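The next block holds one structure in the form of structure tokens; read it before the comments.
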Amino acid sequence: MSNQIIASLDIGSTYVRVIICERDADGSLKIIGLGERQSTGLRKGVVVNIEATVRAISAAIEDAEMMSGLEVVDCWTGIGGNHINGINSRGVVGVSGKKRDAREREIGQEDIDRVIEAAKAVVIPTDRQILEVIPQNYKVDDQKGIRNPMDMIGVRLESEVHIITCTVTGAQNLIKCVNRAGFRVNELILQTLAAGRAALTTEEMELGVMLLDLGGGTTDALVYIDGTPYSTYTIAAGGTQVTSDISIIKNISMENAEKIKIDAGCCWDSLLDDDDTVIVPGVGGRPPMSIPRSQILAIIKPRMEEIFKLVKQHLDTLNLPRPLGGGVVLTGGTAQLAGVVELANSILKLPSRLGSPMPTYELGGLAEDYRNPSYATVVGLALEGLKRTNMDDSERKSELRQGDKKSGAIIDKLKSWLKEEFF
């Protein structure tokens with residue numbers, strides 16, 4: 001396998017982030033280019049300004065291309081926001097595989113495909129489309145909790161799947177922005193699914209864990225149970241609301257409020273010293289003022305408490321089959337606020353940690369630049385893109401092998417006919 005370029009694009013409400021990776025002959029990825037630009041064309045994860053979004057995408061990819069010295073043609077693109085919805089569904093089919101006797105049937109890939117299609121047969125509004133269909137588990141006759149039913153013997157096959165949907169216009173506008181910037185979208189991938197790919201451990205997903213992506217415009221949650229997604233939901237509030245609160249209460253611009261949030265923001269009282277201060281810029285030629293940092297905490301903490309309480313409220317309605325033993329993993333730019341982990345622990349009553357892209361044999365390169373919660377989604381998009389590319393390669397090889405077998409069978413039949421007729 002020759003070296004191949006994989007690019008991933010995370011279009012957020014506040015930033016557009018890009019990474020360019022090189023896939024080596026052994027299948028591993030190495031990050032060789034990074035790009036990041038402010039985004040003003042999205043609101044709560046939905047495109048509201050095509051031109052602004054196109055400019056941000058073009059500039060971010062150009063930065064990554066200059067760093068890597070390579071040209072991007074296509075990219076794996078993330079999608080999120082308050083138009084995303086997740087539902088669980090179930091499908092049932094009769095096994096039509098190879099019969100060993102009158103009562104035994106072997107489950108093949110065709111049966112698995114049919115039962116997934118049966119589970120997808122749910123009624124969704126005409127303005128929505130299916131983004132992902134993720135198998136959770138299977139049931140063969142009376143045997144439950146099967147991860148892979150391939151080659152098992154049974155008569156009845158059931159599947160439970162998690163279906164993620166988005167609005168048709170939301171997806172189309174995102175693809176349009178990437179196309180107008182001069183690039184092709186390989187596939188739209190749910191942002192929280194990608195962030196989980198980069199930041200969660202297999203053990204956490206098996207125990208049950210909630211990935212909470214604290215973005216600028218929205219807070220997106222993805223709950224895993226027994227290793228697979230169980231619930232997807234979005235809260236229409238994020239870091240931008242925190243910045244807006246600081247701007248309004250302190251009568252300063254959004255730019256200055258954002259800088260104060262990043263440099264001095266905190267949402268847990270015990271992390272502050274009594275003499276901590278922050279400089280607030282003056283407006284209209286007035287001199288800047290030095291105020292206690294606790295005043296900024298008094299603005300930030302109520303908003304972050306509100307977000308976590310909304311998360312807790314939704315979590316309590318899910319009727320989970322088991323407790324979340326893996327706790328909560330926080331990703332996104334707002335997760336870098338001081339005290340966020342402590343506040344999440346306090347309100348959600350679950351062990352919490354920051355979710356940065358984890359060291360993995362699949363990924364190398366500019367570690368110091370991407371090893372933070374802000375880059376979890378874009379790194380996960382690259383890893384998920386690699387996984388899906390490998391799956392496509394495997395399917396193509398399988399199809400070629402099946403084609404070779406069919407060709408061989410035809411040749412054998414032709415040889416047999418020739419022998420019977422002429423020899």
Side-chain angles (χ1 to χ4, degrees), residues 12-14 44-45 80-82 84-86 191-192 195-196 199-200 204-205 207-225 229-246 248-249 257-258 260-262 264-272 293-320 322-356 372-374 376-377:
S13 298
T14 51
K44 299 189 185 304
N82 61 356
I84 300 293
N85 189 30
Q191 288 171 343
T192 46
L200 298 179
E204 284 173 330
M205 288 188 283
L207 287 171
V209 65
M210 179 170 65
L211 183 123
L212 201 57
D213 188 51
L214 299 169
T218 60
T219 297
D220 303 312
L222 181 60
V223 177
Y224 284 82
I225 296 290
Y230 180 83
S231 174
T232 306
Y233 60 98
T234 298
I235 293 166
T240 302
Q241 279 68 40
V242 175
T243 305
S244 178
D245 291 345
I246 297 172
I248 292 169
I249 294 173
E258 179 72 13
I260 289 174
K261 182 184 77 174
I262 293 171
C266 182
C267 54
W268 194 248
D269 303 65
S270 61
L271 296 180
L272 294 186
R293 195 176 166 199
S294 58
Q295 289 188 18
I296 302 301
L297 180 142
I299 299 170
I300 294 176
K301 187 177 180 182
R303 178 66 74 175
M304 294 305 299
E305 283 179 337
E306 178 192 11
I307 291 172
F308 285 129
K309 284 176 181 177
L310 288 171
V311 172
K312 180 71 164 59
Q313 182 180 336
H314 189 93
L315 196 58
D316 290 341
T317 67
L318 289 182
N319 192 25
L320 297 173
R322 58 178 292 177
L324 297 180
V328 178
V329 176
L330 305 169
T331 62
T334 308
Q336 296 181 92
L337 269 175
V340 162
V341 171
E342 291 82 357
L343 190 63
N345 275 327
S346 172
I347 294 176
L348 300 177
K349 310 299 181 186
L350 290 167
S352 305
R353 70 170 179 88
L354 288 182
S356 299
N372 70 68
S374 296
T377 297

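Nothing here was measured: the structure is a model prediction, and the numbers come from that model.
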**OP:** Walk me through it: do Lys309 and Glu306 pass the test salt bridge (Lys or Arg N to Asp or Glu O under 4.0 Å)?
**Re:** CA-CA 5 Å; Lys309 284 176 181 177; Glu306 178 192 11; over 6 Å; no
**OP:** State whether Lys261 and Glu258 are salt-bridged, where the test is any N-O pair (Lys NZ or Arg NE/NH1/NH2 against Asp/Glu carboxylate O) under 4.0 Å.
**Re:** yes
Taking all non-hydrogen atoms of both residues, which atom of [X] and which atom of [Y] are closest, and how far apart?
X      : Y      : result
Leu318 : Tyr233 : CD1-CE2, 4.4 Å
Ala199 : Arg353 : O-NH2, 2.6 Å
Pro302 : Ile299 : CD-O, 3.5 Å
Gly217 : Ser13  : N-CB, 3.6 Å
Gly355 : Val329 : CA-CG1, 3.5 Å
Val340 : Thr334 : CG2-O, 3.7 Å

Is [X] reaching over with its side chain to a backbone N or O of [Y], donor-acceptor style, under 3.5 angstrom?
X      : Y      : value
Arg293 : Ala264 : yes
Thr219 : Leu214 : no
Thr192 : Ala221 : no
Asp213 : Gly215 : no
Thr243 : Ala257 : no
Ser270 : Trp268 : no

When rounded to the nearest 0.5 angstrom, what distance separates [atom1] in [X] from [atom2] in [Y]?
X      : Y      : atom1 : atom2 : value
Thr317 : Leu320 : OG1   : CG    : 9.0 Å
Met210 : Ser352 : CE    : OG    : 7.5 Å
Cys266 : Leu343 : SG    : CG    : 9.5 Å
Thr218 : Lys44  : OG1   : NZ    : 8.0 Å
Ile347 : Gln313 : CD1   : CD    : 12.5 Å
Leu211 : Gln191 : CG    : CD    : 11.5 Å

Subject >> Option from Thr331, Asn82, Thr234, Thr232 for which side chain to side chain donor-acceptor pair (under 3.5 Å) with Asp220 holds >> reply: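 Of the listed residues Thr331, Asn82, Thr234, Thr232, the side chain to side chain donor-acceptor pair (under 3.5 Å) partner of Asp220 is Thr234.
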Subject >> Heavy-atom side-chain proximity of Ile249 to Gln295 below 4.5 angstrom >> reply: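 A side-chain contact under 4.5 Å is absent here.
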Original post:
Given Leu207 and Arg322, is the side chain to side chain contact (heavy atoms under 4.5 Å, CB included) satisfied, shown in steps?
Top reply: CA-CA 9 Å; Leu207 287 171; Arg322 58 178 292 177; 3.9 Å; yes
Original post:
Leu324 and Val328: side chain to side chain contact (heavy atoms under 4.5 Å, CB included), yes or no, with the steps?
Top reply: CA-CA 8 Å; Leu324 297 180; Val328 178; 5.7 Å; no
**OP:** Determine, step by step, whether Lys301 and Asp269 satisfy the side chain to side chain contact (heavy atoms under 4.5 Å, CB included) criterion, reporting the C-alpha distance in whole Å, the side-chain angles of both residues, the deciding distance to 0.1 Å, and the verdict.
**Re:** CA-CA 9 Å; Lys301 187 177 180 182; Asp269 303 65; 2.7 Å; yes
Original post:
For Ile235 and Phe308, what are the C-alpha separation, side-chain angles and deciding distance, and is it a side chain to side chain contact (heavy atoms under 4.5 Å, CB included)?
Top reply: CA-CA 10 Å; Ile235 293 166; Phe308 285 129; over 6 Å; no
